[in-house]
Amino acid sequence: MQSYTIGQAARLLGVSPDTARRWADAGRVATHRDESGRRLIDGRALAAFSVEIAQSGTDEDASYTSARNAFPGIVTAVKLGDVAAQVEIQAGPHRLVSLLTREAVEELGLEVGMQATARVKSTSVHIDRT
């Protein structure tokens, strides 16, 4: 079974290494040490913990949309055309690019530096093994 360092786990969970370390210190996710003394998290334990975190959101986080794949992040670029626009969001390690109308961007007031959530709904999802 693959194991992950605290830093790798943090990237996969979309949090800082300090947050992942605090969770491990508090016993929220079990760790073990490798031969060089690094703290590692078992892949199965990390997978279960990631599901636990996702399900522990508050009612304020409740989504009223059919698109369940939400990527909260920060707007890093807005390119406006005459009719269309391109918006880039950095959500943890994920860069998402959306093409939408200029009118939608203006109605939402999207600007670089503001928080936004990209929602993805697709009929086709591809998975690559790393």
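All values below come from the heavy atoms of this structure, side chains included, with hydrogens, waters and symmetry mates left out.
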Within the 4.5 Å heavy-atom criterion, are [X] and [Y] side-chain neighbours or not?
X	Y	value
His32	Arg39	no
Leu99	Gln86	yes
Arg102	Val83	no
Thr117	Ile89	no

Nearest atoms (heavy-atom pairs only) where [X] meets [Y]:
X	Y	value
Val75	Ala116	CG2-CB, 3.8 Å
Ser3	Asp42	OG-CA, 4.0 Å
Leu46	Leu12	CD2-CD1, 3.9 Å

Subject >> Residues, nucleotides or ligands: over 12 heavy atoms within 6.0 Å of Arg44 CZ >> reply: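 Not more than 12 within 6.0 Å, no.
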
**OP:** Count the heavy atoms of every other residue, nucleotide or ligand shown that sit under 6.0 Å from CD of Glu106, and state whether that count exceeds 12.
**Re:**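 Yes, the 6.0 Å shell around CD holds more than 12 heavy atoms from other groups.
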
Shared ILVMFWY cluster between [X] and [Y], side chains joined below 4.5 angstrom?
X	Y	value
Met114	Leu108	yes
Ile53	Tyr4	yes
Val29	Ile6	yes

Original post:
Would Asp25 and Arg22 satisfy salt bridge (Lys or Arg N to Asp or Glu O under 4.0 Å), going step by step from the backbone distance to the final call?
Top reply: CA-CA 5 Å; Asp25 290 345; Arg22 282 192 298 273; over 6 Å; no

Subject >> Partner set under side-chain contact (heavy atoms from CB on, under 4.5 Å) for Ala104, not counting sequence neighbours >> reply: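 side-chain contact (heavy atoms from CB on, under 4.5 Å) list for Ala104, sorted by chain: Leu100, Thr101.
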
**OP:** Look up atom CG in Leu40 and atom OG1 in Thr31, then write down how far apart they are to the nearest 0.5 Å.
**Re:**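 Going from the CG atom of Leu40 to the OG1 atom of Thr31 covers 8.5 Å.
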
Subject >> Step-by-step side chain to side chain contact (heavy atoms under 4.5 Å, CB included) determination, Val87 to Val97 >> reply: CA-CA 6 Å; Val87 176; Val97 179; over 6 Å; no

**OP:** Assess whether side chain to side chain contact (heavy atoms under 4.5 Å, CB included) is satisfied between Ile41 and Phe49, documenting all intermediate values.
**Re:** CA-CA 10 Å; Ile41 301 171; Phe49 184 62; over 6 Å; no

Original post:
Any sub-3.5 Å donor-acceptor pair from Gln8's side-chain atoms to Ala10's backbone N or O?
Top reply: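 Checking the backbone N and O of Ala10 against the side chain of Gln8, no donor-acceptor pair under 3.5 Å is found.
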
